[in-house]
Amino acid sequence: MRILVVEDEQKVANALREGLEGERYDVVVERTGESAFFRLNTETFDLILLDLTLPGRDGLEILTTLRGKRVKTPVLVLTARDTLQDRVAGLDSGADDYLVKPFAFAELLARIRALLRRGRASESPRLVVGDLTMDLITRKVQRGGQAVELTVREFELLEYLMRYEGQVVSRETLARDVWRETARTTPLDNVIDVHIARLRRKVDVERPVRLIHTVRGVGFMLREGEP
Ligand code: CA
């Protein structure tokens with residue numbers, strides 16, 4: 001499980017990283033809203049820990065923008081501002097949970113586990129993006145009601161893109177999560193591109209709406225309409 005920690009205070013950020021890595025989470029720390037956005041444009045995460053008070057764009061702005069882009073990653077807001085209004089504003093902007101600083105690390109872990117569990121429990125055995133549907137049990141894929149025949153790898157690739165609908169998925173991420181290779185290599189990049197091209201032929205060709213988009217210099221994105 002990958003967690004993005006957005007926190008400007010070095011000490012707090014280090015403590016979070018250490019504690020979470022001790023629990024075997026993969027942790028990436030960003031110290032400003034801008035760098036967090038940049039990171040989210042190229043990588044996918046299972047959860048975001050977001051401090052509200054950041055230099056530049058504050059946490060609430062980040063949250064609003066993320067949800068505006070239809071990024072569904074669970075967000076756990078951390079804040080020192082313990083007022084009811086802030087809580088309400090934070091939750092209204094699309095936070096999934098809220099924790100007031102200072103907090104006990106055990107409490108943070110419990111909230112993180114709950115959010116990650118909730119994410120899995122609400123997971124439908126069917127993924128839907130526009131008129132594209134994927135049944136994870138029967139492994140049948142349809143676009144506009146017509147069957148799409150995929151190889152095992154194409155299915156895994158499409159499943160990944162559908163799970164992260166609206167998010168940019170880099171070749172590096174695909175190499176790690178779909179091909180399960182830790183080192184990114186040029187031959188593997190080519191293999192990924194070939195698979196994307198095949199998927200496009202099967203999913204997008206002769207359709208009025210394209211779903212698989214190339215984000216130049218970064219990777220790919222599945223969504224209805226241009227990214
Ligand atoms: Ca802060």
Side-chain angles (χ1 to χ4, degrees), residues 1-122 163-170 172-173 176-177 215 217-219 221 227:
M1 288 284 174
R2 305 189 80 224
I3 299 181
L4 175 63
V5 175
V6 190
E7 167 62 85
D8 58 315
E9 284 162 78
Q10 183 85 59
K11 261 191 184 168
V12 182
N14 286 348
L16 286 171
R17 178 198 289 281
E18 239 166 66
L20 292 172
E21 283 179 350
E23 297 294 315
R24 305 204 175 180
Y25 292 110
D26 280 337
V27 180
V28 171
V29 174
E30 289 298 346
R31 298 183 60 190
T32 66
E34 283 71 22
S35 62
F37 266 121
F38 188 73
R39 181 73 74 167
L40 285 163
N41 275 331
T42 55
E43 293 179 35
T44 51
F45 292 89
D46 299 293
L47 187 121
I48 301 168
L49 273 191
L50 179 63
D51 182 35
L52 278 197
T53 44
L54 296 166
R57 279 200 270 194
D58 77 0
L60 281 185
E61 271 183 83
I62 295 172
L63 195 51
T64 311
T65 310
L66 279 181
R67 294 308 187 221
K69 288 182 174 178
R70 290 190 291 169
V71 173
K72 292 171 199 146
T73 313
V75 174
L76 174 51
V77 162
L78 303 177
T79 182
R81 286 188 262 163
D82 185 15
T83 71
L84 188 62
Q85 270 146 343
D86 281 345
R87 277 170 195 253
V88 172
L91 294 167
D92 281 351
S93 311
D96 296 275
D97 201 359
Y98 214 92
L99 202 51
V100 173
K101 294 179 183 176
F103 49 82
F105 193 70
E107 174 69 17
L108 176 68
L109 285 180
R111 304 280 188 101
I112 288 175
R113 280 193 213 105
L115 280 181
L116 292 174
R117 236 188 349 254
R118 201 203 290 170
R120 273 194 298 275
S122 65
R163 281 189 191 282
Y164 291 99
E165 177 197 354
Q167 298 189 51
V168 179
V169 177
S170 66
E172 209 166 359
T173 305
R176 187 192 65 218
D177 291 348
V215 183
V218 189
M221 182 191 286

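Along the sequence shown, the residues carry numbers beginning at 1. Counting starts at 1 for both ligands and their atoms, following the listed order. Note: hydrogens, waters and symmetry copies are ignored here, and every other heavy atom, side chains too, is used.
Closest heavy-atom contact between L40 and F45: CD2-CD1, 3.8 Å.
Atoms of the protein (N, O or S only) found under 3.0 Å from the Ca ion (ligand 1) are D8 OD1, D51 OD2, T53 O.
Here R117 does not pair with D96 in a salt bridge; the nearest charged N to carboxylate O distance is not below 4.0 Å. R111 has a carboxylate O that lies under 4.0 Å from a charged side-chain N of E107, or vice versa, which qualifies the two as a salt bridge.
When the ring pair (Phe, Tyr, Trp, His ring centres under 6.0 Å) test is applied to Y164, the partners found at least two apart in sequence or on another chain are Y160.
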Stepwise, does the side chain to side chain donor-acceptor pair (under 3.5 Å) test hold for Q10 with N14?
-> CA-CA 6 Å; Q10 183 85 59; N14 286 348; 3.3 Å; yes
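Within 6.0 Å of atom CZ in F105, more than 12 heavy atoms from other residues, nucleotides or ligands are found, so the atom counts as buried in its surroundings.
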